[in-house]
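What follows is a set of notes on a single structure, which appears directly below.
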Amino acid sequence: MTTHVVSHHISTEAQPRMAFERLAGFCGLAAAAANLVYAIAFIVLHDPLLSGLALLLGNLLATAVLCGLYMRVRAVEGGFAVWALLLGTAGALGGTIHGGYDLANALHPPTALAAVADLPSAIDPRGLLTFGVAGIGLLVFAALIGRSGSFPRGLATLGYVLAALLIVLYLGRLIVLDATSLLILGPALLSGFIVSPLWNAWVGIVLWRGELRADA
């Protein structure tokens, strides 16, 4: 009788977690689509309205994905998991604000916008949060994913690759600045069109399906 009660209690506790993981999984798939839209709008179409909207929505959706990842890896090393979540969330919110700023300017362009277009954002200078901090957070998450056993093995490798691209992209924007430089254009194309959408989609599918749950 006691065993049945304990089992029922654990099952009841697991239900909200599984429900959130499904939500995080859906958000991962939606974020992957937003990543692609942003890359196309920013790099190909040069559409500030669409790219700003996609950047805002993609990063906002990513906050749920980060929480889903945290719930999976916190048992590996709680301190590092919290750090990864904080860094990743800071990066995602920085990207959300950056997208909101671009969207606001696209809808109602300030008269002096052309004169200050090259000035760094006071909140996210040269992508410090969107690329730099987010990349470090992803680096920690990738390490925890590799040790957790609750994700496919290749996902950690993909996380390392995306983290490296984001960090290089931030350093390129900070040091080189010229958007046509291969140091910026290469990582931007790889991360925007391939690695970032693939990462979010893969994490989303794993969370949605509840695959390889180590503590199930």
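Numbering of residues begins at 1 and proceeds along the displayed sequence.
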Rounded distance [0.5 Å steps], [atom1] in [X] versus [atom2] in [Y]:
X      : Y      : atom1 : atom2 : result
Asn59  : Thr63  : CG    : OG1   : 9.0 Å
Leu155 : Trp199 : CG    : CH2   : 4.5 Å
Leu85  : Leu69  : CG    : CG    : 9.0 Å
Arg173 : Ser181 : CZ    : OG    : 11.0 Å
Leu103 : Leu49  : CG    : CG    : 6.0 Å
Leu166 : Leu171 : CG    : CG    : 11.0 Å

In terms of hydrophobic clustering (I, L, V, M, F, W, Y; side-chain heavy atoms under 4.5 Å; direct or indirect links), are [X] and [Y] co-clustered?
X      : Y      : value
Tyr170 : Val176 : yes
Trp202 : Leu162 : yes
Leu36  : Ile43  : no
Tyr160 : Val206 : no
Ile136 : Val82  : yes

Where do [X] and [Y] come nearest, in terms of heavy atoms and distance?
X      : Y      : value
Ala142 : Gly159 : CB-C, 3.9 Å
Ala134 : Gly91  : CB-CA, 4.0 Å
Arg126 : Phe131 : O-CD1, 4.3 Å
Leu61  : Ala31  : CD1-N, 3.8 Å
Gly132 : Ile167 : O-CG1, 4.2 Å
Thr96  : Leu60  : OG1-N, 3.3 Å

Open item on the list: For a side-chain contact (heavy atoms from CB on, under 4.5 Å) check, start with the C-alpha distance between Val195 and Leu158, then their side-chain angles and the critical distance, and finish with the verdict.
Closed with: CA-CA 7 Å; Val195 185; Leu158 186 64; 3.8 Å; yes
Do [X] and [Y] come close enough that some side-chain heavy atom pair is under 4.5 Å?
X      : Y      : result
Thr180 : Leu185 : no
Val65  : Cys27  : yes
Leu87  : Phe141 : no
Leu45  : Ile40  : yes

TODO: Determine the interplanar angle of the Phe80 and Trp83 rings, folded into 0 to 90°, and report it as parallel if under 30°, tilted if 30 to 60°, perpendicular if over 60°.
DONE: tilted
- [ ] Pick out which of Leu50, Leu57, Leu53 makes a side-chain contact (heavy atoms from CB on, under 4.5 Å) with Val37.
- [x] Leu50
Open item on the list: I need the single residue from Asn35, Leu198, Leu165, Val161 that forms a side-chain contact (heavy atoms from CB on, under 4.5 Å) with Ser191. Which is it?
Closed with: Leu165
Is it the case that atom [atom1] in [X] sees more than 12 heavy atoms from other parts of the structure closer than 6.0 Å?
X      : atom1 : value
Phe193 : CZ    : yes
Phe42  : CZ    : no
Leu182 : CG    : no

Open item on the list: For the backbone of Leu128 and the side chain of Asp124, can you confirm whether one donor and one acceptor N or O come within less than 3.5 Å of each other?
Closed with: yes
Open item on the list: Tell me whether Ser51 contacts the main-chain N or O of Asp47 through its side chain, where contact means a donor paired with an acceptor under 3.5 Å.
Closed with: yes
TODO: In sequence, state the C-alpha distance, the side-chain angles, and the governing distance for Leu144 and Val140, and then conclude on side-chain contact (heavy atoms from CB on, under 4.5 Å).
DONE: CA-CA 6 Å; Leu144 294 173; Val140 181; 4.3 Å; yes
Open item on the list: Check whether Phe151 forms a cation-pi arrangement with Arg72 (NZ or CZ under 6.0 Å from the six-membered ring centre, at most 45° off the ring normal).
Closed with: yes
